[in-house]
Protein chains: 2
Amino acid sequence: MQKDKAGASRELQLLKEKMISSGYRLTNQRIDIAKWALETHEHFSVDDLLFSFRKKGTKLSTATAYRVMQMLLELGFLIEHDFGKGQKFFEHIIGHPHHEHFICDNCGGVSEFSSGKIDEIKKDISKKYNFHITNHSLCFFGTCDKCKK
Amino acid sequence: MQKDKAGASRELQLLKEKMISSGYRLTNQRIDIAKWALETHEHFSVDDLLFSFRKKGTKLSTATAYRVMQMLLELGFLIEHDFGKGQKFFEHIIGHPHHEHFICDNCGGVSEFSSGKIDEIKKDISKKYNFHITNHSLCFFGTCDKCKK
DNA sequence: TTCATCTTTGGGAATCAATGTCAAGATAAA
DNA sequence: TTTATCTTGACATTGATTCCCAAAGATGAA
(Lines give C-alpha, C1' and ligand atoms only; values in the text may rest on other atoms or scores of the structure.)
Protein backbone atom coordinates (compact mmCIF):
# COMPACT_ATOMS: atom_id res chain seq x y z
CA MET A 1 0.00 0.00 0.00
CA GLN A 2 1.30 3.36 -1.09
CA LYS A 3 2.31 5.74 1.71
CA ASP A 4 3.24 9.40 2.01
CA LYS A 5 4.10 10.33 5.57
CA ALA A 6 5.46 13.78 4.73
CA GLY A 7 2.33 15.16 3.08
CA ALA A 8 0.07 13.54 5.61
CA SER A 9 1.41 15.43 8.63
CA ARG A 10 0.11 18.76 7.39
CA GLU A 11 -3.29 17.26 6.81
CA LEU A 12 -3.19 15.68 10.24
CA GLN A 13 -2.65 19.07 11.83
CA LEU A 14 -5.63 20.39 9.93
CA LEU A 15 -7.72 17.48 11.08
CA LYS A 16 -6.79 17.96 14.72
CA GLU A 17 -7.91 21.56 14.58
CA LYS A 18 -11.15 20.59 12.93
CA MET A 19 -11.75 17.86 15.51
CA ILE A 20 -11.31 20.29 18.38
CA SER A 21 -13.52 22.95 16.84
CA SER A 22 -16.18 20.31 16.24
CA GLY A 23 -16.04 19.06 19.83
CA TYR A 24 -14.26 15.78 19.15
CA ARG A 25 -11.70 14.74 21.76
CA LEU A 26 -8.23 13.85 20.55
CA THR A 27 -7.80 10.20 21.38
CA ASN A 28 -4.99 7.87 20.43
CA GLN A 29 -7.28 5.67 18.37
CA ARG A 30 -8.66 8.56 16.39
CA ILE A 31 -5.23 9.97 15.66
CA ASP A 32 -3.72 6.61 14.77
CA ILE A 33 -6.53 5.76 12.41
CA ALA A 34 -6.46 9.22 10.85
CA LYS A 35 -2.71 8.99 10.30
CA TRP A 36 -3.10 5.66 8.62
CA ALA A 37 -5.96 6.87 6.45
CA LEU A 38 -4.16 10.04 5.42
CA GLU A 39 -1.03 8.13 4.49
CA THR A 40 -2.99 5.67 2.40
CA HIS A 41 -3.45 6.91 -1.13
CA GLU A 42 -5.76 4.16 -2.21
CA HIS A 43 -9.27 3.20 -1.37
CA PHE A 44 -9.52 0.89 1.62
CA SER A 45 -12.19 -0.96 3.55
CA VAL A 46 -12.65 -1.06 7.32
CA ASP A 47 -11.38 -4.59 7.06
CA ASP A 48 -8.15 -3.40 5.46
CA LEU A 49 -7.75 -0.96 8.32
CA LEU A 50 -8.37 -3.54 11.02
CA PHE A 51 -6.07 -6.04 9.36
CA SER A 52 -3.28 -3.50 9.05
CA PHE A 53 -3.56 -2.53 12.71
CA ARG A 54 -3.64 -6.13 13.84
CA LYS A 55 -0.57 -6.86 11.74
CA LYS A 56 1.43 -4.09 13.37
CA GLY A 57 0.21 -5.16 16.82
CA THR A 58 -2.06 -2.21 17.55
CA LYS A 59 -5.32 -3.15 19.23
CA LEU A 60 -8.44 -1.66 17.71
CA SER A 61 -12.06 -2.62 17.99
CA THR A 62 -14.36 -2.91 15.01
CA ALA A 63 -16.83 -0.44 16.46
CA THR A 64 -14.18 2.22 16.91
CA ALA A 65 -12.94 1.74 13.38
CA TYR A 66 -16.43 2.36 12.02
CA ARG A 67 -17.00 5.28 14.37
CA VAL A 68 -13.81 7.00 13.28
CA MET A 69 -14.68 6.48 9.62
CA GLN A 70 -17.96 8.22 10.38
CA MET A 71 -16.14 11.12 11.98
CA LEU A 72 -13.68 11.48 9.12
CA LEU A 73 -16.51 11.46 6.62
CA GLU A 74 -18.36 14.08 8.60
CA LEU A 75 -15.31 16.31 8.84
CA GLY A 76 -14.80 16.00 5.10
CA PHE A 77 -11.50 14.14 5.18
CA LEU A 78 -12.79 10.96 3.61
CA ILE A 79 -15.13 10.05 0.85
CA GLU A 80 -17.07 6.82 0.74
CA HIS A 81 -17.44 4.58 -2.30
CA ASP A 82 -19.56 1.62 -3.08
CA PHE A 83 -18.15 -0.57 -5.79
CA GLY A 84 -20.91 -3.13 -5.42
CA LYS A 85 -18.71 -5.51 -3.47
CA GLY A 86 -20.87 -5.64 -0.36
CA GLN A 87 -18.50 -3.50 1.62
CA LYS A 88 -17.85 0.23 1.74
CA PHE A 89 -14.56 1.69 0.60
CA PHE A 90 -12.98 4.90 1.79
CA GLU A 91 -10.47 7.31 0.41
CA HIS A 92 -9.06 10.50 1.84
CA ILE A 93 -9.65 13.56 -0.27
CA ILE A 94 -7.50 16.30 1.25
CA GLY A 95 -4.67 17.06 -1.15
CA HIS A 96 -5.84 14.21 -3.31
CA PRO A 97 -7.54 15.11 -6.58
CA HIS A 98 -10.99 13.73 -7.11
CA HIS A 99 -11.23 10.84 -9.50
CA GLU A 100 -13.69 8.30 -10.80
CA HIS A 101 -13.54 4.52 -10.84
CA PHE A 102 -13.74 1.76 -13.34
CA ILE A 103 -14.58 -1.69 -11.98
CA CYS A 104 -13.89 -4.78 -14.05
CA ASP A 105 -16.76 -7.26 -13.81
CA ASN A 106 -14.39 -10.04 -14.69
CA CYS A 107 -11.35 -9.65 -12.44
CA GLY A 108 -12.82 -7.24 -9.89
CA GLY A 109 -9.96 -4.78 -10.39
CA VAL A 110 -10.57 -1.10 -9.71
CA SER A 111 -8.86 1.54 -11.86
CA GLU A 112 -8.99 5.29 -11.44
CA PHE A 113 -9.43 8.04 -13.98
CA SER A 114 -10.58 11.63 -14.02
CA SER A 115 -12.50 13.83 -16.37
CA GLY A 116 -13.13 17.54 -16.27
CA LYS A 117 -16.54 16.97 -17.79
CA ILE A 118 -17.95 15.81 -14.50
CA ASP A 119 -17.66 19.31 -13.14
CA GLU A 120 -19.58 20.61 -16.12
CA ILE A 121 -22.39 18.15 -15.43
CA LYS A 122 -22.31 19.13 -11.79
CA LYS A 123 -22.71 22.79 -12.67
CA ASP A 124 -25.49 22.10 -15.18
CA ILE A 125 -27.48 20.02 -12.74
CA SER A 126 -27.11 22.16 -9.67
CA LYS A 127 -28.30 25.15 -11.68
CA LYS A 128 -31.15 23.32 -13.39
CA TYR A 129 -32.61 21.68 -10.28
CA ASN A 130 -31.32 24.01 -7.59
CA PHE A 131 -29.39 21.28 -5.83
CA HIS A 132 -26.43 21.89 -3.59
CA ILE A 133 -24.02 19.16 -4.66
CA THR A 134 -21.34 18.27 -2.13
CA ASN A 135 -20.15 14.99 -3.48
CA HIS A 136 -20.44 12.50 -6.24
CA SER A 137 -19.55 9.00 -7.22
CA LEU A 138 -19.14 7.81 -10.78
CA CYS A 139 -18.39 4.19 -11.52
CA PHE A 140 -18.05 2.58 -14.88
CA PHE A 141 -18.46 -1.16 -15.11
CA GLY A 142 -17.28 -3.48 -17.84
CA THR A 143 -14.23 -5.38 -18.95
CA CYS A 144 -10.73 -4.09 -18.45
CA ASP A 145 -7.88 -4.10 -20.94
CA LYS A 146 -6.28 -7.26 -19.55
CA CYS A 147 -9.49 -9.26 -19.33
CA LYS A 148 -10.47 -8.41 -22.90
CA LYS A 149 -7.66 -10.61 -24.17
CA MET B 1 -45.90 3.07 -8.03
CA GLN B 2 -46.09 4.00 -11.70
CA LYS B 3 -47.17 1.20 -14.05
CA ASP B 4 -47.24 0.61 -17.79
CA LYS B 5 -48.70 -2.78 -18.65
CA ALA B 6 -48.98 -2.18 -22.40
CA GLY B 7 -45.33 -1.43 -23.04
CA ALA B 8 -44.18 -4.15 -20.70
CA SER B 9 -45.74 -7.03 -22.60
CA ARG B 10 -43.44 -6.58 -25.57
CA GLU B 11 -40.46 -6.53 -23.29
CA LEU B 12 -41.73 -9.62 -21.52
CA GLN B 13 -41.85 -11.52 -24.80
CA LEU B 14 -38.26 -10.50 -25.44
CA LEU B 15 -37.25 -11.65 -22.00
CA LYS B 16 -38.90 -15.05 -22.41
CA GLU B 17 -36.96 -15.65 -25.59
CA LYS B 18 -33.75 -14.63 -23.95
CA MET B 19 -34.46 -16.86 -20.95
CA ILE B 20 -34.98 -19.88 -23.18
CA SER B 21 -31.91 -19.23 -25.27
CA SER B 22 -29.88 -18.85 -22.08
CA GLY B 23 -31.17 -22.12 -20.62
CA TYR B 24 -33.46 -20.64 -17.98
CA ARG B 25 -36.75 -22.46 -17.44
CA LEU B 26 -39.92 -20.43 -17.62
CA THR B 27 -41.41 -20.60 -14.14
CA ASN B 28 -44.38 -18.74 -12.74
CA GLN B 29 -42.26 -16.94 -10.18
CA ARG B 30 -39.78 -15.73 -12.75
CA ILE B 31 -42.49 -14.50 -15.08
CA ASP B 32 -44.50 -12.83 -12.31
CA ILE B 33 -41.47 -11.04 -10.95
CA ALA B 34 -40.34 -10.01 -14.42
CA LYS B 35 -43.79 -8.64 -15.21
CA TRP B 36 -43.80 -6.62 -12.04
CA ALA B 37 -40.29 -5.32 -12.62
CA LEU B 38 -40.99 -4.38 -16.22
CA GLU B 39 -44.15 -2.52 -15.26
CA THR B 40 -42.38 -0.59 -12.55
CA HIS B 41 -40.79 2.56 -13.91
CA GLU B 42 -38.99 3.49 -10.72
CA HIS B 43 -36.11 2.05 -8.82
CA PHE B 44 -37.15 -0.59 -6.31
CA SER B 45 -35.56 -2.78 -3.67
CA VAL B 46 -36.08 -6.50 -3.15
CA ASP B 47 -38.05 -5.47 -0.12
CA ASP B 48 -40.40 -3.40 -2.24
CA LEU B 49 -40.91 -6.41 -4.48
CA LEU B 50 -41.61 -8.80 -1.61
CA PHE B 51 -43.94 -6.34 0.05
CA SER B 52 -45.90 -5.78 -3.14
CA PHE B 53 -46.29 -9.51 -3.70
CA ARG B 54 -47.36 -10.13 -0.13
CA LYS B 55 -49.90 -7.33 -0.42
CA LYS B 56 -51.54 -8.86 -3.46
CA GLY B 57 -51.48 -12.30 -1.86
CA THR B 58 -48.82 -13.91 -4.04
CA LYS B 59 -46.39 -16.11 -2.16
CA LEU B 60 -42.74 -15.52 -2.89
CA SER B 61 -39.63 -16.45 -1.00
CA THR B 62 -36.82 -14.04 -0.34
CA ALA B 63 -34.27 -16.34 -1.91
CA THR B 64 -36.23 -16.56 -5.15
CA ALA B 65 -36.65 -12.80 -5.31
CA TYR B 66 -32.89 -12.34 -5.08
CA ARG B 67 -32.24 -15.13 -7.55
CA VAL B 68 -34.55 -13.63 -10.14
CA MET B 69 -32.96 -10.20 -9.71
CA GLN B 70 -29.65 -11.89 -10.45
CA MET B 71 -31.05 -13.45 -13.58
CA LEU B 72 -32.60 -10.21 -14.82
CA LEU B 73 -29.33 -8.41 -14.26
CA GLU B 74 -27.46 -11.09 -16.13
CA LEU B 75 -29.85 -10.96 -19.07
CA GLY B 76 -29.50 -7.21 -19.21
CA PHE B 77 -33.07 -6.30 -18.28
CA LEU B 78 -32.21 -4.63 -15.00
CA ILE B 79 -29.55 -2.34 -13.72
CA GLU B 80 -28.45 -2.21 -10.11
CA HIS B 81 -27.87 0.93 -8.11
CA ASP B 82 -26.37 1.62 -4.76
CA PHE B 83 -27.54 4.83 -3.20
CA GLY B 84 -25.61 4.22 0.00
CA LYS B 85 -28.72 3.13 1.87
CA GLY B 86 -27.48 -0.34 2.77
CA GLN B 87 -29.73 -1.97 0.26
CA LYS B 88 -29.53 -2.50 -3.48
CA PHE B 89 -31.99 -0.83 -5.84
CA PHE B 90 -33.01 -2.07 -9.25
CA GLU B 91 -34.47 -0.53 -12.34
CA HIS B 92 -35.40 -2.04 -15.67
CA ILE B 93 -33.61 -0.53 -18.62
CA ILE B 94 -35.37 -1.89 -21.69
CA GLY B 95 -37.27 0.96 -23.33
CA HIS B 96 -36.30 3.18 -20.43
CA PRO B 97 -33.72 5.88 -21.12
CA HIS B 98 -30.66 5.81 -18.94
CA HIS B 99 -30.50 8.43 -16.26
CA GLU B 100 -28.44 9.46 -13.27
CA HIS B 101 -29.43 10.02 -9.66
CA PHE B 102 -29.23 12.74 -7.10
CA ILE B 103 -29.58 11.67 -3.47
CA CYS B 104 -30.41 14.23 -0.79
CA ASP B 105 -28.34 13.66 2.33
CA ASN B 106 -30.99 15.39 4.37
CA CYS B 107 -34.33 13.85 3.37
CA GLY B 108 -33.03 10.77 1.57
CA GLY B 109 -35.03 11.58 -1.54
CA VAL B 110 -33.78 10.33 -4.90
CA SER B 111 -34.23 12.46 -8.02
CA GLU B 112 -33.38 11.55 -11.57
CA PHE B 113 -31.71 13.53 -14.30
CA SER B 114 -29.78 12.87 -17.46
CA SER B 115 -26.87 14.40 -19.26
CA GLY B 116 -25.45 13.72 -22.67
CA LYS B 117 -22.00 14.47 -21.37
CA ILE B 118 -21.78 11.11 -19.67
CA ASP B 119 -21.57 9.42 -23.03
CA GLU B 120 -18.71 11.69 -23.99
CA ILE B 121 -16.83 10.69 -20.85
CA LYS B 122 -17.60 7.06 -21.57
CA LYS B 123 -16.15 7.36 -25.07
CA ASP B 124 -13.06 9.23 -23.86
CA ILE B 125 -12.31 6.69 -21.19
CA SER B 126 -12.93 3.53 -23.14
CA LYS B 127 -10.63 4.83 -25.86
CA LYS B 128 -7.92 6.05 -23.49
CA TYR B 129 -7.73 2.92 -21.31
CA ASN B 130 -9.08 0.32 -23.72
CA PHE B 131 -11.98 -0.58 -21.45
CA HIS B 132 -15.18 -2.15 -22.66
CA ILE B 133 -17.80 -0.23 -20.70
CA THR B 134 -21.15 -1.93 -20.34
CA ASN B 135 -22.69 0.06 -17.57
CA HIS B 136 -22.25 3.00 -15.28
CA SER B 137 -23.65 4.58 -12.19
CA LEU B 138 -23.42 8.26 -11.38
CA CYS B 139 -24.76 9.61 -8.12
CA PHE B 140 -24.61 13.15 -6.89
CA PHE B 141 -25.02 13.75 -3.19
CA GLY B 142 -25.97 16.94 -1.44
CA THR B 143 -29.00 18.96 -0.46
CA CYS B 144 -32.12 19.12 -2.57
CA ASP B 145 -34.16 22.17 -3.44
CA LYS B 146 -36.74 21.59 -0.69
CA CYS B 147 -34.23 20.89 2.07
CA LYS B 148 -32.21 24.01 1.25
CA LYS B 149 -35.04 26.15 2.61
C1' DT C 1 -50.01 -38.04 -21.68
C1' DT C 2 -46.52 -40.17 -18.78
C1' DC C 3 -42.02 -40.85 -17.28
C1' DA C 4 -37.38 -39.69 -16.17
C1' DT C 5 -34.26 -36.06 -15.51
C1' DC C 6 -32.68 -32.03 -14.39
C1' DT C 7 -33.92 -27.34 -12.53
C1' DT C 8 -36.17 -24.35 -9.36
C1' DT C 9 -38.49 -23.11 -5.20
C1' DG C 10 -39.31 -22.24 -0.31
C1' DG C 11 -38.03 -21.67 4.24
C1' DG C 12 -34.95 -21.66 7.57
C1' DA C 13 -30.13 -21.49 8.78
C1' DA C 14 -25.88 -19.14 7.93
C1' DT C 15 -23.01 -15.19 6.69
C1' DC C 16 -21.23 -10.81 6.92
C1' DA C 17 -20.97 -5.84 7.21
C1' DA C 18 -22.39 -2.49 10.16
C1' DT C 19 -24.58 -0.62 14.42
C1' DG C 20 -26.21 -0.60 19.31
C1' DT C 21 -25.22 -1.29 24.34
C1' DC C 22 -22.93 -0.33 28.42
C1' DA C 23 -19.35 -0.77 31.93
C1' DA C 24 -14.60 0.59 32.24
C1' DG C 25 -11.13 3.75 30.77
C1' DA C 26 -9.47 8.20 28.85
C1' DT C 27 -9.78 13.28 28.05
C1' DA C 28 -10.53 18.12 29.09
C1' DA C 29 -11.28 21.93 31.99
C1' DA C 30 -11.25 23.89 36.54
C1' DT D 1 -5.91 16.23 41.10
C1' DT D 2 -10.79 16.05 40.63
C1' DT D 3 -14.91 15.89 38.31
C1' DA D 4 -17.93 15.70 34.51
C1' DT D 5 -18.17 14.07 30.08
C1' DC D 6 -16.78 11.61 26.11
C1' DT D 7 -14.68 7.22 24.11
C1' DT D 8 -13.42 2.68 23.85
C1' DG D 9 -13.80 -2.30 23.59
C1' DA D 10 -16.20 -6.52 23.79
C1' DC D 11 -20.13 -8.51 22.73
C1' DA D 12 -24.92 -8.70 21.22
C1' DT D 13 -27.90 -7.37 17.59
C1' DT D 14 -29.65 -6.03 13.27
C1' DG D 15 -30.55 -6.34 8.46
C1' DA D 16 -29.51 -7.50 3.81
C1' DT D 17 -28.12 -11.23 1.21
C1' DT D 18 -26.67 -15.98 0.35
C1' DC D 19 -26.51 -20.95 1.30
C1' DC D 20 -28.60 -25.51 1.84
C1' DC D 21 -31.53 -29.19 0.75
C1' DA D 22 -35.82 -31.65 0.46
C1' DA D 23 -40.06 -31.08 -2.06
C1' DA D 24 -42.25 -29.32 -6.18
C1' DG D 25 -42.08 -28.00 -10.97
C1' DA D 26 -40.49 -27.75 -15.94
C1' DT D 27 -38.82 -30.00 -20.07
C1' DG D 28 -38.03 -33.41 -23.54
C1' DA D 29 -38.47 -38.14 -25.09
C1' DA D 30 -41.27 -42.06 -25.62
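Here is how names work: the chains are called A, B, and so on, in the same order as the sequence lines, proteins then strands, and each is numbered from 1.
Going from atom CD of A:Gln29 over to atom P of D:dT8 covers 5 Å, rounded to whole Å. When the C1' atom of D:dA23 is taken as reference, atom NZ of B:Lys59 falls 14 Å away, rounded to whole Å. In this structure, A:Met19 atom CE and D:dT7 atom P are separated by 8 Å, rounded to whole Å. Atom CZ in B:Phe89 sits about 13 Å away from atom C1' in D:dG15, given to the nearest Å.
Comparing the end axes of the helix from C:dT1-D:dA30 to C:dA30-D:dT1, each fitted to five base pairs by superposing C1' atoms of four pairs onto the next four, gives an inter-axis angle of 40° (nearest 10 degrees).
Scored by the side-chain contact (heavy atoms from CB on, under 4.5 Å) test, B:Asp47 finds B:Ser45, B:Gln87 as partners (sequence neighbours excluded). Annotation: ring pair (Phe, Tyr, Trp, His ring centres under 6.0 Å) contacts of B:Tyr129 (sequence neighbours excluded): B:Phe131. Shown here are the side chain to side chain donor-acceptor pair (under 3.5 Å) partners of A:Glu100, two or more places apart in sequence or in another chain: A:His136. Applying the salt bridge (Lys or Arg N to Asp or Glu O under 4.0 Å) rule to B:Glu120 yields the partners A:Lys117; only residues at least two apart in sequence or on another chain are considered. By the salt bridge (Lys or Arg N to Asp or Glu O under 4.0 Å) test, B:Asp32 is found to be paired with no residue, residues two or more places apart in sequence or in another chain being considered.
Taking the six-membered ring where the residue is Trp, the centroids of B:His101 and B:His81 are separated by under 6.0 Å.
B:Thr40 has its side chain out of reach of B:Phe90: every pair of non-hydrogen atoms, C-beta onward, lies at least 4.5 Å apart. At a threshold of 4.5 Å between non-hydrogen side-chain atoms, the residues B:Phe83 and B:Val110 count as touching. Side-chain contact check for A:Leu12 versus A:Lys16: some heavy-atom pair is nearer than 4.5 Å. Counting heavy atoms from C-beta outward, A:Leu14 and A:Lys18 have side chains that stay 4.5 Å or more apart.
Read 5' to 3', the first and last nucleotides of DNA chain C with an atom closer than 4.0 Å to a heavy atom of chain A are C:dA17 to C:dA28.
For residues 77-96 of chain B, every residue pair satisfying the salt bridge (charged side-chain N to carboxylate O under 4.0 Å, His left out) rule, not counting sequence neighbours, is listed here: B:Glu80-B:Lys88.
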Show which side-chain atoms of residues 137-147 of chain A pair as donor or acceptor with protein atoms under 3.5 Å away, not counting sequence neighbours.
| from | atom 1 | to | atom 2 | distance (Å) |
| --- | --- | --- | --- | --- |
| A:Asp145 | OD1 | B:Asn130 | ND2 | 2.4 |

Side-chain donor-acceptor distances from residues 62-79 of chain A under 3.5 Å, at least two apart:
| from | atom 1 | to | atom 2 | distance (Å) |
| --- | --- | --- | --- | --- |
| A:Thr64 | OG1 | A:Ser61 | OG | 3.0 |
| A:Thr64 | OG1 | A:Arg67 | NH2 | 3.3 |
| A:Glu74 | OE1 | A:Tyr24 | OH | 3.0 |
| A:Glu74 | OE2 | A:Tyr24 | OH | 3.2 |

At under 4.0 Å between heavy atoms, how does the protein contact nucleotides 25-30 of chain D? Give one character per nucleotide, 5' to 3', with B, S or -.
BBS---
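Contacts with DNA chain C (heavy atom under 4.0 Å) in residues 60-69 of chain A: A:Ala63, A:Tyr66, A:Arg67, listed by number.
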